[in-house]
Amino acid sequence: MKTYFSAQRVDLTATPKIRSYHDKTISVVEQVHEWEGNVHVAAGDVPDADKCSVNVWATNLPAMPGDTESVSQSADEHASAPFFKTFLTQDAVDLISPNEDDALRPLVLKIP
């Protein structure tokens, strides 16, 4: 069974394609739920410089996706709103594609 989300950092092999997702908006479609978030690609530690992790920060989710964790937001204009962070697994990253239908959300992740 494939896993798409994790509450813990998932180290992936850093590729130019994965790095290109950094700081882009993504639409995540899970069966009957759809939510959007911002992608953050973090470099690995010095010994693992060829590794990275991919996480998505989202607000206003219709339902909690996968294994996300709720965290409190700090010091920005939406300080009173909760947001959610989830790490993507390799299975999820492999499903990311360009979003041809929405220029404001250049990436889409459709979970089967």
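Along the sequence shown, the residues carry numbers beginning at 1. Below, all heavy atoms of this structure are taken into account, side chains as well, without hydrogens, waters or symmetry copies.
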[X] to [Y] - nearest heavy-atom pair and separation:
X	Y	answer
Lys24	Ser20	NZ-O, 2.6 Å
Ser27	Arg105	CB-CD, 4.1 Å
Tyr21	Leu107	CD2-CD1, 3.7 Å
Arg9	Ala43	NH2-O, 3.5 Å
Val56	Trp35	CG1-CZ3, 3.6 Å
Leu109	Ile26	CB-CD1, 3.9 Å

Discussion item. With heavy-atom distances below 4.5 Å as the criterion, would you say the side chains of Lys51 and Thr13 are in contact?
Written reply: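 Yes, side chains in contact.
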
Worksheet item: Roughly how far, to the nearest 0.5 Å, is the CD1 atom of Ile18 from the SG atom of Cys52?
Response: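 Those atoms lie 5.0 Å apart.
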
Practice prompt. Identify which one of Val54, Thr3, Asp94 satisfies the side chain to side chain contact (heavy atoms under 4.5 Å, CB included) criterion when paired with Thr89.
Written response: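 That would be Thr3; it is the only one of Val54, Thr3, Asp94 passing the side chain to side chain contact (heavy atoms under 4.5 Å, CB included) with Thr89.
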
Discussion item. For Asn55, is there any backbone N or O sitting under 3.5 Å from a side-chain donor or acceptor partner on His40?
Written reply: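 No.
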
Worksheet item: So, the side chain of Asp91 versus the backbone of Tyr4: is there a donor-acceptor pair under 3.5 Å, distance only?
Response: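 Side chain of Asp91 to backbone of Tyr4: no pair is present.
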
Worksheet item: Among the clusters formed by ILVMFWY side chains lying less than 4.5 Å apart, do Val108 and Leu88 turn up in the same one?
Response: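 In one cluster: no.
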
Item to complete: Take Asp23 and Val39 through the side-chain contact (heavy atoms from CB on, under 4.5 Å) test and state the conclusion after the steps.
Response: CA-CA 5 Å; Asp23 213 21; Val39 178; over 6 Å; no

Discussion item. Under a 3.5 Å cutoff, is there a donor and acceptor pairing between the side chains of Glu36 and Thr25?
Written reply: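 The answer is no; no qualifying pair exists.
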
